[in-house]
Amino acid sequence: MIQLSSRVRHLAMVLGAAIALAACGDRSPPPPAQEAAAPAEAASRPMLVPLPARLEQREGSFRFDAGVALGAADAAARRVAGHFAGMVAATHGFTPALAGEGAQAAIVFAIDPAASPDAPEGYELEVTREGAQVRASDERGLFYGAVTLWQLLSSAQGEAVRIPALRIEDAPRFSWRGLMLDSARHFQSVDEIKQLIDAMARHKLNVLHWHLTDDQGWRIEIPKYPKLMEVGGCRIPAGEAGTDPDTGQTRPYCGWYTQDQIRDIVAYAGERHIMVVPEFDMPGHVQAVVAAYPEYGSLGDTPPVSNEWGVHQYLFNVDEDTFAFIEDVLDEIMALFPAPYVHVGGDEAVKDQWQASAKVQARMKELGIADETALQSWFIKRIEAYLSGKGRRLLGWDEILDGGIAPNATVMSWRGIEGGIAAARAGHDVVMAPVDKLYLDYLQTSSPNEPPGRPVQVTLRDVYEFEPVPAVLAPAQRGHILGVQANVWTEHMRTFDRVQHAVFPRIAALAETAWSPAEARDFDSFLARLPVQLRRYEAFGIAYARTPFEVQATASADRAAGTVEVALENPLGYPIRYTTDGSDPDGDSPLYESPIQAALPLEVRAAAFDGPRPLAPATRHVYDAASLLVRSDEQLATCPDTGRLLLRLEDDGPVDGERALFNVTIFYPCWLWPEADLEGIAAVKVRLGRMPYYFQLAHDEPHRKFMPADTPHGELLVQTGGCNGPTVARIPLPERTGADGFVEVEAAFPDDAGGSTDLCFTTTGDTRPAMWVLDRVALVPR
Ligand code: TNX
């Protein structure tokens, strides 16, 4: 807590400095006395994300309002002016018009070969008292200059704004500023993808890596192979969600993008200077293809399109017919996607099927290939030669290094940065996308309001502070780091709202990591600019994550004394205001400085603030005799030895509407209430839900710890003194839950159980295809 308050102070200083700058940045003659107080007349402080390479503030300011006209002399400049007008319309409520023939334009966009810096995607922007000029030697740079100018104008709210006179010279640090969207596990509509593209462009990102094929679905229309869509494009979701409750019929999840839709998306992205790089994942992650065309699989069997997550077994075989199929598909892909890169995956291809296939083994011998790793290398090299022959470059996940990398391959380093380092040292280009820093399916806070995903956190700060160029690389190798990319894997993102929650605001941190000079990056300065960026998101209706801006509470209570101490925290360190009278806090509520000590009952409502404005809805924390006896799964700890894989999963029903969420370690379902106070407690009530066990664990399968069960549907095991302590109860669980999706069971404690103890809850048995998951525990007083 001490740490927190010093962090808050620091942030307050940064914000204070921001305000001070805004007040003295404008040295133009003071406005008439009665207007002096009007905030619209003070020049706003530039709130730019990403930070530009160079910004020099000047004297004076420029007033922008609906009367301002745009000048654009040629077609490229007019296109940029059009994008600019569209952005202004969203944030200011009016659309600036192009100046008429011969008329004066206050804002001018111009392609100018003499613009500085003369760097790809670079631009210069000058604001004077009279207006603004954006110049760049190419249209991409001009576009980014327009984004910066729009951000200057939207640094303050209101239809009329004053921006400081200044000069910016800007160009990106990296040429690859990417976001990967997984449209295989769950897909998004064309309009949703366009919204994402628009938002990427406003963050100066320039690569959309589109993950279109996987075990759970094939999403590209390939007319020559119709079963890819008809079979490979559909799966039956696991559990209840896969059946229509009214008819009892299966309810498939189907979809693919037609070639027209793909062309539309590629063109739309192109107009916003975003390259779309398609991914056709191989030789693994192909179960959907094998479901459609079993002849291209390794074992000849016909699997369903997978409705599970994790690492699957299905691999392409290495017959000539299979390569002919792959090349046909690649031809179609190259015709649809003009990008110089084609991503061919290469990840997580466990080799069991190749080992088990006599045909694959025979072919390996024939080719004189020593083992399956070398076979994958041979496979990828062969595809690389094909793509190179068509003038394209192969891009693959870092597993393409295993067994020897193809000569011209570019590596996307995901299992950390080591693959990227090895590739750069070997003279290959690299995009850094490490799982622990840039995977957006990992949750960003520990809030109970996080959606399903992976609770190991990738915070806003993790994304911001990721340094793409490893210090261990020799200067001559550093140029191989093309840039960075964040990946949105969508196993747990059934809706576009969830995609947006994952992407925003972490995309803003990514943008600054990818664009701004390394030495300019400063997380506190970023946090000071972020609230303005959130308002821009709001203007565009973006469902950004509120969780990083929420306040979380931790309480320690003394039930006997009837008191509680509550510590509040905002994960980003924004100042917190709170109330204890049941009202929502506002800008005048007390500022949180140290833990709140009070007698029970207590209700705390708290929010983090940007000045007088709450950054997210207030969170409500109630402490009374009943609530102190209850813990939800989110509030419980994980048990020792449960393995790494904690997931936050949603129930499989109801098909539409709210579903319950459960935090569960899927290798060993076990939950811990450390130091539970059992004084005066007679029993514990436990509520459990049941979900499909829909994971393929491949070589991790042996690590799955099935506690032996005595009864057919498993039991709930309750132990005191931790998970090796004495068993308090072993309660058989029923075949199915009640209509509400839950069961509640109760375990009595022995009379002498009083005092503090670690309560351990485990569900036993290999109950696949379903599993029991804990939802909530409540202690029952004597
Ligand atoms: C690993 S990253 C994968 C994906 C999963 C992701 C989930 C990579 C190349 N493979 O198939 O969706 O983990 O975080």
Side-chain angles (χ1 to χ4, degrees), residues 178-188 209-219 235 277-289 305-315 341-350 376 380 394-402 409-420 423 430-444 450-458 462-463 484-494 498-499 501-503 506 643-649 666-667 694-700:
L179 188 72
M180 189 218 74
L181 178 65
D182 172 4
S183 294
R185 274 58 176 271
H186 286 101
F187 55 85
Q188 306 75 29
H209 166 181
W210 200 5
H211 184 80
L212 282 162
T213 74
D214 216 306
D215 299 301
Q216 299 83 0
W218 179 274
R219 310 272 174 239
R235 68 167 180 264
V277 174
E279 180 182 349
F280 171 9
D281 205 341
M282 64 182 90
H285 286 281
V286 294
Q287 188 168 323
V289 180
V305 175
S306 176
N307 59 9
E308 304 184 299
W309 314 128
V311 179
H312 292 57
Q313 302 279 350
Y314 283 85
L315 297 182
Y341 293 92
V342 177
H343 201 303
V344 301
D347 58 313
E348 299 179 321
V350 292
Q376 167 152 340
I380 298 289
L394 178 143
L395 182 59
W397 301 111
D398 55 52
E399 286 95 331
I400 65 169
L401 285 153
D402 302 346
T410 298
V411 170
M412 199 166 262
S413 191
W414 77 276
R415 295 175 298 177
I417 57 170
E418 291 69 25
V430 171
V431 176
M432 288 294 192
V435 57
D436 56 333
K437 306 290 183 191
L438 296 177
Y439 267 35
L440 302 188
D441 55 330
Y442 286 64
L443 301 177
Q444 46 203 312
E450 288 291 349
R454 305 182 68 147
V456 173
Q457 287 175 35
V458 169
D462 289 332
V463 177
V484 285
Q485 179 173 296
N487 293 341
V488 187
W489 299 103
T490 57
E491 285 95 331
H492 307 293
M493 299 177 202
R494 201 159 47 89
R498 289 196 188 153
V499 171
H501 180 100
V503 169
R506 287 182 291 188
R644 238 173 18 94
L645 201 54
L646 173 64
L647 292 176
R648 182 157 173 73
L649 299 170
I666 62 162
F667 280 77
Y694 45 21
F695 311 101
Q696 289 284 325
L697 304 178
H699 291 176
D700 284 326

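Read the numbers this way: they start at 1 and go in the same order the structure lists the ligands and their atoms. Note that the structure is predicted; figures quoted are calculated from it, not measured.
Under a 4.0 Å heavy-atom criterion, R185 is in contact with ligand 1. Ligand 1 lies less than 4.0 angstrom from a heavy atom belonging to R454. At least one heavy atom of H285 sits closer than 4.0 Å to an atom of ligand 1.
For W218 and F280, the ring centers sit closer than 6.0 Å to each other.
Distances below 4.0 Å separate heavy atoms of D441 from the following atoms of ligand 1: 7 (C), 14 (O).
Taking CZ of R219 as the start and NE2 of H211 as the end, the distance is 10.0 Å to the nearest 0.5 Å.
With hydrogens left out, the protein atom closest to atom 1 (C) of ligand 1 is E348 OE2, 3.3 Å, a heavy atom. Annotation: atom 9 (C) of ligand 1 to nearest protein heavy atom, D347 OD2, 3.1 Å.
Using a 4.5 Å cut-off on side-chain heavy atoms (C-beta onward), D462 and D436 make no contact. Inter-residue side-chain proximity for H209 and M412 is flagged as met; some heavy-atom pair is nearer than 4.5 Å.
When only interatomic distances are considered, the shortest N/O to N/O separation between E491 and ligand 1 falls below 3.5 Å. Close N/O approach between W489 and ligand 1 is not found [any backbone or side-chain N/O within under 3.5 Å]. The shortest N or O to N or O distance between Y439 and ligand 1 is not under 3.5 Å.
Listed by chain and residue number, R185 satisfy the salt bridge (charged side-chain N to carboxylate O under 4.0 Å, His left out) test with E491 (two or more places apart in sequence, or in another chain). Applying the side chain to side chain contact (heavy atoms under 4.5 Å, CB included) criterion to V305, with sequence neighbours excluded, gives R235, A288, A291.
L212 approaches S183 most closely through the heavy-atom pair CD2-CB, 4.5 Å.
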